[in-house]
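Let me begin by presenting the structure, written as structure tokens, before commenting on it.
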Amino acid sequence: MKLPAAIFSLLLLSPALGFAPNKASKTSTALQNDLFKEPSGDKKSEMSKALPFVKRPKLLDGTLAGDVGFDPFGFAGNDIPTLVYMREAEIKHCRLAMLAVVGWPIAELFDKPIAETLGLPTALTKSGASPSVLNGGLDRIDIAYWVAVAALAGIVELENAKVKEEKGKKYTPGDCGFDPLNLYPKSDADKKVMQTKEIKHGRVAMMAILGFVAQEALYRIPVVQETPIFFKPIF
């Protein structure tokens, strides 16, 4: 099957497919004023929760879910518009990474047997790895797939812009209005708990997919073979 194996190269290609944050969010002063307030007095002297021996960046006061005052390279910027913009980018890449980190090994495990059953060519590389920029094999993916992915990305961004306009001050970075199972809580406290879970899982997923990519690029062995204990039954 060509589709499962191809989806995992999207992590490196996502900005070109429209998953990068809309720059219009940088000018959404209504959202910024509602989410943030300038830290006052005591808060300015608070230490970072992640690095308790240093002071936290001024804007990282715990307002955003998953904020523990960790930004050693200053990516969050020095103003609220930049911080909101970067959070939008982070959550979208988190979601892509969570999809990729599940799908990458699934493709390596099941793409070939499914393709053989259906009489189709496998989309995996010669070593059995998922196709990617570093692994190669992207030329085997049908152009129709990339068109479909680009179209889906466009739809997601349009829906995101629509939700942003509708919710105004109540908009949360990354909110696309997508909750078919109605899992999103109603209370503000529970919403922040859910958002924190998502951002933390997403951060772990970004590190994991980077590990998959680096490992396969270095050793030229599918990750499911290099570390089978994580992907195959022990008995």
Side-chain angles (χ1 to χ4, degrees), residues 3-21 49-50 60 64-73 75-76 83-111 123-124 128-135 137-138 141 145 149-150 152-153 156-157 159-160 172-181 183-185 190-219 221-232:
L3 299 188
I7 193 170
F8 319 112
S9 61
L10 293 180
L11 185 64
L12 299 177
L13 301 176
S14 58
L17 297 176
F19 282 97
K49 291 181 180 180
L60 301 184
L64 289 174
D67 174 12
V68 290
F70 181 79
D71 186 25
F73 297 107
F75 291 140
L83 178 59
V84 174
Y85 178 82
M86 294 303 291
R87 168 45 63 95
E88 191 100 34
E90 181 184 26
I91 191 63
K92 290 180 179 180
H93 282 81
C94 279
R95 290 166 180 170
L96 281 172
M98 286 188 284
L99 290 172
V101 81
V102 172
W104 186 293
I106 286 178
E108 294 182 346
L109 290 171
F110 300 112
D111 183 281
L124 301 178
S130 290
S132 69
V133 173
L134 297 181
N135 286 347
L138 293 178
I141 309 303
Y145 171 77
V149 168
L152 178 60
V156 170
E157 288 300 308
E159 286 299 314
N160 183 218
T172 302
D175 184 0
C176 298
F178 182 76
D179 186 24
L181 300 179
L183 297 176
Y184 199 51
D190 289 340
K191 285 180 180 178
K192 189 166 184 179
V193 170
M194 181 69 79
Q195 292 165 12
T196 301
K197 290 177 180 178
E198 181 182 31
I199 199 74
K200 286 187 175 182
H201 282 84
R203 288 167 179 169
V204 171
M206 286 191 287
M207 291 188 289
I209 194 64
L210 178 61
F212 289 179
V213 171
Q215 185 169 309
E216 292 193 357
L218 288 173
Y219 297 108
I221 300 173
V223 68
V224 295
Q225 294 181 22
E226 182 70 19
T227 52
I229 189 173
F230 295 119
F231 307 106
K232 297 181 180 180

Side-chain donor/acceptor of Glu108 to backbone N/O of Ser130, under 3.5 Å: yes

Does the side chain of Leu109 come within less than 4.5 Å of Lys232's, by heavy atoms? yes

Heavy-atom closest contact (Val101 atom, Pro105 atom, distance): O-CD, 3.3 Å

Tell me, yes or no, whether the heavy-atom count around Lys200 atom NZ, taken from other residues, nucleotides or ligands under 6.0 Å, exceeds 12. no

State, yes or no, whether a side-chain contact exists between Arg203 and Ile199 at a heavy-atom distance under 4.5 Å. yes

When you measure from the side chain of Asp190 to the backbone of Pro185, do you find a donor-acceptor pair of N or O atoms at a distance under 3.5 Å? no

Closest approach of Leu134 to Val213 (non-hydrogen atoms, all atoms of both residues): CD1-CG1, 3.6 Å

With a 4.5 Å cut-off on side-chain heavy atoms, are Ser132 and Trp104 touching? yes

Just by distance, do the side chain of Asn160 and the backbone of Asp175 share a donor-acceptor pair under 3.5 Å? yes

Minimal non-hydrogen separation, Ala123 against Ile141, with atom names: CB-CD1, 4.0 Å

Is atom CG of Leu183 surrounded by more than 12 heavy atoms (other residues, nucleotides or ligands) closer than 6.0 Å? yes

Of all heavy-atom pairs linking Gln195 and Ala65, the shortest is CB-CB, 3.5 Å

Tell me which one of Arg87, Lys192, Glu90 satisfies side-chain contact (heavy atoms from CB on, under 4.5 Å) with Leu64. Arg87

Can you find a heavy atom in the side chain of Lys92 that is under 4.5 Å from one in the side chain of Val156? no

Working to the nearest 0.5 angstrom, can you tell me the gap between Glu88 CD and Ile91 CD1? 9.0 Å

How many angstroms lie between CE in Met98 and CD1 in Ile209, if you round to the nearest 0.5 Å? 12.5 Å

For the residue pair Glu216 and Glu226, establish whether any side-chain heavy-atom pair is separated by less than 4.5 Å. no

Atom OH of Tyr184: over 12 foreign heavy atoms under 6.0 Å: yes

